[in-house]
Engineer: 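Handing you this structure, nothing more for now.
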Amino acid sequence: MDKRMIALLTGALALGSVGPGMTQEQPKATGIVAVRQMTMKANGDHMGAIKAILTEQPQLVKRVAWHAEAITEGVEYVPELFPEGSDQPPTAALPAVWKDQKGFKAAAAKAENLAKKLAETAKGGDVQATLAAFAALGKEGCGGCHETFRKKPQS
């Protein structure tokens with residue numbers, strides 16, 4: 001679910017009204033699904049902080065390394081967060097996660113390596129090079145995995 005939809009739903013719920021077809025509440029994630037959703041949210045928040053630094057506060061470019069290292073650590077254990085049988089709602093994981101474990105683990109490893117590269121690049125202080133490494137992580141790392149292994153967010 002994208003941020004716009006979350007904001008709309010939050011506003012609708014706060015006002016006590018929801019649109020047609022949205023009266024059924026989504027189940028709340030529990031167990032390993034909750035852990036992996038929170039881990040992915042944390043990674044997304046780090047990506048947001050990196051973007052803000054690079055586009056609004058470039059003098060803090062070396063601080064990108066901390067965020068990228070946190071992403072590296074989170075992505076390192078992503079495959080463990082998808083054990084067999086953890087496909088219950090409200091997961092956004094596609095069946096491909098479990099059907100193509102080799103591909104899923106390779107995608108996670110690629111994201112981990114790109115996050116490491118981003119951290120190292122940021123330590124050098126070159127904003128343009130760091131932007132390029134950030135773009136690669138977003139497109140080839142996070143995006144590459146999400147394209148194959150995650151349900152498309154509802155808009």
Side-chain angles (χ1 to χ4, degrees), residues 1-56 64-119 121-122 130-155:
M1 188 177 290
D2 70 7
K3 290 180 183 180
R4 290 176 291 157
M5 180 59 80
I6 292 170
L8 287 171
L9 288 174
T10 302
L13 290 172
L15 294 173
S17 64
V18 267
M22 298 184 71
T23 56
Q24 209 171 29
E25 198 172 309
Q26 286 289 330
K28 183 177 179 185
T30 59
I32 195 71
V33 174
V35 173
R36 73 177 175 236
Q37 287 181 350
M38 288 183 257
T39 301
M40 297 301 182
K41 182 185 180 315
N43 286 343
D45 289 345
H46 284 295
M47 291 292 283
I50 292 168
K51 180 181 178 188
I53 290 169
L54 294 175
T55 61
E56 301 170 28
V64 166
W66 179 82
H67 293 283
E69 288 165 356
I71 293 168
T72 300
E73 290 180 18
V75 174
E76 178 182 357
Y77 74 95
V78 160
E80 295 174 43
L81 299 177
F82 292 84
E84 191 70 41
S86 66
D87 57 351
Q88 66 274 15
T91 189
L94 289 171
V97 169
W98 297 279
K99 290 179 182 173
D100 182 12
Q101 278 286 297
K102 184 178 177 183
F104 181 64
K105 288 176 181 179
K110 182 173 187 174
E112 181 182 355
N113 289 331
L114 289 167
K116 285 178 185 177
K117 183 176 180 182
L118 173 58
T121 303
T130 304
L131 268 168
F134 174 66
L137 173 58
K139 184 177 181 180
E140 301 168 33
C142 305
C145 191
H146 289 177
E147 190 66 32
T148 305
F149 299 104
R150 181 179 181 223
K151 293 175 189 169
K152 303 282 185 239
Q154 300 291 323
S155 51

Engineer: Sequence neighbours left out, what pairs pass side-chain hydrogen bond (donor to acceptor under 3.5 Å, both in side chains) with at least one residue falling in residues 73-86?
Structural biologist: Arg36-Ser86, Thr39-Tyr77

Engineer: How would you list all residue pairs meeting salt bridge (charged side-chain N to carboxylate O under 4.0 Å, His left out) that involve residues 87-99, not counting sequence neighbours?
Structural biologist: none

Engineer: Please table the atom pairs, donor to acceptor, closer than 3.5 Å between any side-chain atom in residues 137-146 and protein atoms at least two apart or in another chain.
Structural biologist:
none

Engineer: So, using side-chain contact (heavy atoms from CB on, under 4.5 Å) as the criterion, who are the partners of Ala29 when residues are at least two apart?
Structural biologist: Val33, Ala34, Gln37, Pro90

Engineer: What I'd like to find out is whether the side chain of Leu54 reaches to under 4.5 Å of the side chain of Phe134, using heavy atoms alone.
Structural biologist: yes

Engineer: Can you see which heavy atom on Ala119 is nearest to which on Ala65, and at what distance?
Structural biologist: O-CB, 3.6 Å

Engineer: Heavy atoms, side chains only, cut-off 4.5 Å: are Leu118 and Ile50 in contact?
Structural biologist: yes

Engineer: For Lys41, give me all partners under salt bridge (Lys or Arg N to Asp or Glu O under 4.0 Å), at least two apart in sequence or on another chain.
Structural biologist: Asp45

Engineer: Applying ring-ring contact (aromatic ring centres under 6.0 Å, His included), which residue pairs with at least one partner in residues 96-119 are found, sequence neighbours left out?
Structural biologist: Phe82-Phe104, Phe104-Phe149

Engineer: Are any non-hydrogen side-chain atoms of Ile53 and His67 less than 4.5 angstrom apart?
Structural biologist: yes

Engineer: Testing the basics here: between Gly103 and Asp100, what is the closest heavy-atom pair and its distance to 0.1 Å?
Structural biologist: N-OD1, 2.9 Å

Engineer: Can you give the donor-acceptor pairs under 3.5 Å from side chains of residues 105-117 to other protein atoms, not counting sequence neighbours?
Structural biologist:
unit_1 : atom_1 : unit_2 : atom_2 : d
Asn113 : ND2    : Ala109 : O      : 3.3

Engineer: Does Lys151 have any side-chain contact (heavy atoms from CB on, under 4.5 Å) partners at least two apart in sequence or in another chain, and if so, which?
Structural biologist: Leu94

Engineer: Is it the case that over 12 heavy atoms from other parts of the model lie below 6.0 angstrom from the CD atom of Glu147?
Structural biologist: no

